[in-house]
Amino acid sequence: MTVADDELLRRSLSDALIGRVVDLIRTEGLGPGDRLPSARVLAERFAVATPTIREALRQLQATGAIDIRHGSGMYVNAALDRVVIANPNLPTLDAERLVELLDARLLVEPYLAGLAARHRSPATTAALRRSLDAAEQHLAGDDTRLHEANMAFHRAVATASGHRILHEVLDSLLSVHAGEQREILHIFDDRSRDHEEHRSVLAAIEAGSEERATRLMRRHLEDVADVVARRLSTLDESHER
C-alpha cells in the first residue's frame with residue numbers, strides 16, 4: 001500500500017467515525033450541553049484505536065459540533081445542526097478582500113434587518129438594546145469590548161430575523177474573519193457615528209418598519225464600506241510614493 005493509499009484509508013475511517021459519533025448523538029437524543037462518552041469508551045464501542053477516535057473528535061470540534069474541555073469531558077454544541085460551518089483555517093484577508101467581506105455582508109444584512117422588523121418580539125428587541133447599551137460603555141475606551149458588542153448587535157439582528165440559514169452565513173463571516181472585523185472598526189475610526197447608525201437600525205426594527213430597517217442597515221454598511229475603501233486606497237497610494 002502506498003503512502004497516498006494509507007492516507008486515503010485513514011481519512012475515510014475518520015469520516016466514517018465522525019458520522020457514527022453524530023448518529024450516536026442523535027439516536028441517544030443528546031442536545032447542546034449534554035456530555036459525550038469518553039474517547040476510550042467511544043473507541044471500544046466502535047472497535048477502533050483511541051488515537052483514531054480522537055482524530056475524528058478533533059475534526060468535530062473544529063466544526064463547532066462538539067466542545068472538548070480538558071479535564072472535564074466532551075460536550076455537544078448547538079452548532080451540530082448548522083448547515084453553514086465556518087472554515088477555521090482561512091488565511092488573513094488582504095485589503096481588497098476586506099472590501100469584499102463588507103460587500104458580502106451588504107448582500108445579507110439589510111434583508112435580515114427587514115426580517116427582524118417583521119418578526120420583532122420583546123425578547124429579540126431586548127437583546128438588540130442590550131448589545132448597544134454594552135457598546136455605549138466602550139465608545140471612548142476598550143476597542144476589543146466595543147468590537148464584541150458591535151458584532152453582538154449584528155448577530156442579534158440576524159437572530160431576530162428568524163432566518164436560520166442566513167444567520168449561520170453571517171455568523172460564519174463574523175466568526176472566521178473576527179480579526180478583519182476589528183481592523184474595519186480601526187480603519188473606519190468613527191465610533192459615535194457607527195453607534196448612532198446602529199441605534200437608528202434598532203429604532204426601525206422596534207417600530208416594525210421593514211423597509212426602513214432594510215434601508216438603514218444598507219446605508220450603514222455602505223457608509224462603512226465607502227470609508228474603508230477610500231482609506232485603504234489612500235494607504236496604498238502613500239506606500240507607492
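- Leu107 CG to Leu112 CG: the interatomic distance, rounded to the nearest 0.5 Å, is 11.0 Å.
- Leu36 contributes atom CG, which lies 6.0 Å from atom CG of Leu30 (distance to the nearest 0.5 angstrom).
- In this structure, Arg105 CZ and Asp103 CG are separated by 11.5 Å, a value rounded to the nearest 0.5 Å.
- In this structure, Leu60 and Val22 have side chains that are in contact, with non-hydrogen atoms separated by less than 4.5 Å.
- For the salt bridge (Lys or Arg N to Asp or Glu O under 4.0 Å) test, no residue two or more places apart in sequence or in another chain qualifies with Glu222.
- His119 has its ring centre no less than 6.0 Å from the ring centre of His163.
- Residues forming a side chain to side chain donor-acceptor pair (under 3.5 Å) with Glu196 (at least two apart in sequence, or on another chain): none.
- Nearest heavy atom pair, residue Ala135 against residue Leu146, reads O-CD1, 3.5 Å.
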**Request:** Decide yes or no on ring pair (Phe, Tyr, Trp, His ring centres under 6.0 Å) for His154 and His198, but give the supporting numbers first.
**Result:** CA-CA 9 Å; His154 284 275; His198 284 166; 4.9 Å; yes
**Message:** Assess the residue pair Phe46 and Val21 against the criterion (side-chain contact (heavy atoms from CB on, under 4.5 Å)); give the C-alpha distance rounded to whole Å, side-chain angles, the decisive distance to 0.1 Å, and a yes or no.
**Reply:** CA-CA 9 Å; Phe46 300 138; Val21 172; 3.9 Å; yes
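- Here the CD1 atom belonging to Ile18 is positioned 11.0 Å from the CZ atom belonging to Arg58, to the nearest 0.5 angstrom.
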**Prompt:** Given the rule in the side-chain contact (heavy atoms from CB on, under 4.5 Å) test, do Tyr111 and Thr214 qualify, once you have shown the distances and angles that lead to the verdict?
**Reply:** CA-CA 6 Å; Tyr111 178 61; Thr214 300; 6.0 Å; no
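- Among pairs with a residue in residues 144-159, those fulfilling salt bridge (charged side-chain N to carboxylate O under 4.0 Å, His left out) read Arg155-Asp171, at least two apart in sequence or across chains.
- Counting only distance, with no hydrogens or angles, the side chain of Asp34 and the backbone of Gly31 share a donor-acceptor pair below 3.5 Å.
- Taking CG of Leu42 as the reference point, atom CZ of Arg20 lies at 10.0 Å (rounded to 0.5 Å).
- Phe153 belongs to a hydrophobic cluster whose remaining members, ordered by chain and number, are Leu106, Leu128, Leu132, Val157, Val201, Leu202, Ile205, Leu216, Met217, Leu221; membership requires side-chain heavy atoms of ILVMFWY residues under 4.5 Å apart, directly or through intermediates.
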Which atom pairs, donor and acceptor, lie under 3.5 Å between side-chain atoms of residues 67-74 and protein residues at least two apart or in another chain?
| unit_1 | atom_1 | unit_2 | atom_2 | d |
| --- | --- | --- | --- | --- |
| Asp67 | OD2 | Arg69 | NE | 2.9 |
| Ser72 | OG | Tyr75 | OH | 2.8 |

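- Inter-residue side-chain proximity for His220 and Asp194 is flagged as met; some heavy-atom pair is nearer than 4.5 Å.
- Across all non-hydrogen atoms, the minimal contact from Ala149 to Ser131 is CB-O, 3.7 Å.
- Arg40 and Glu44 are joined by a salt bridge, as a carboxylate oxygen and a charged side-chain nitrogen come within less than 4.0 angstrom of each other.
- Side-chain atoms of Asn77 and Pro32, non-hydrogen and from C-beta on, never get closer than 4.5 Å to each other.
- Considering all non-hydrogen atoms of both residues, Thr27 and Leu24 come closest at OG1-O, 3.3 Å.
- The distance from the CG atom of Leu17 to the CG atom of Leu57 is 8.5 Å, given to the nearest 0.5 Å.
- Listed by first and then second residue, the salt bridge (charged side-chain N to carboxylate O under 4.0 Å, His left out) pairs involving residues 198-213 are Arg118-Glu210, Arg129-Glu206, Asp133-Arg199, Glu136-Arg199, Glu211-Arg215 (not counting sequence neighbours).
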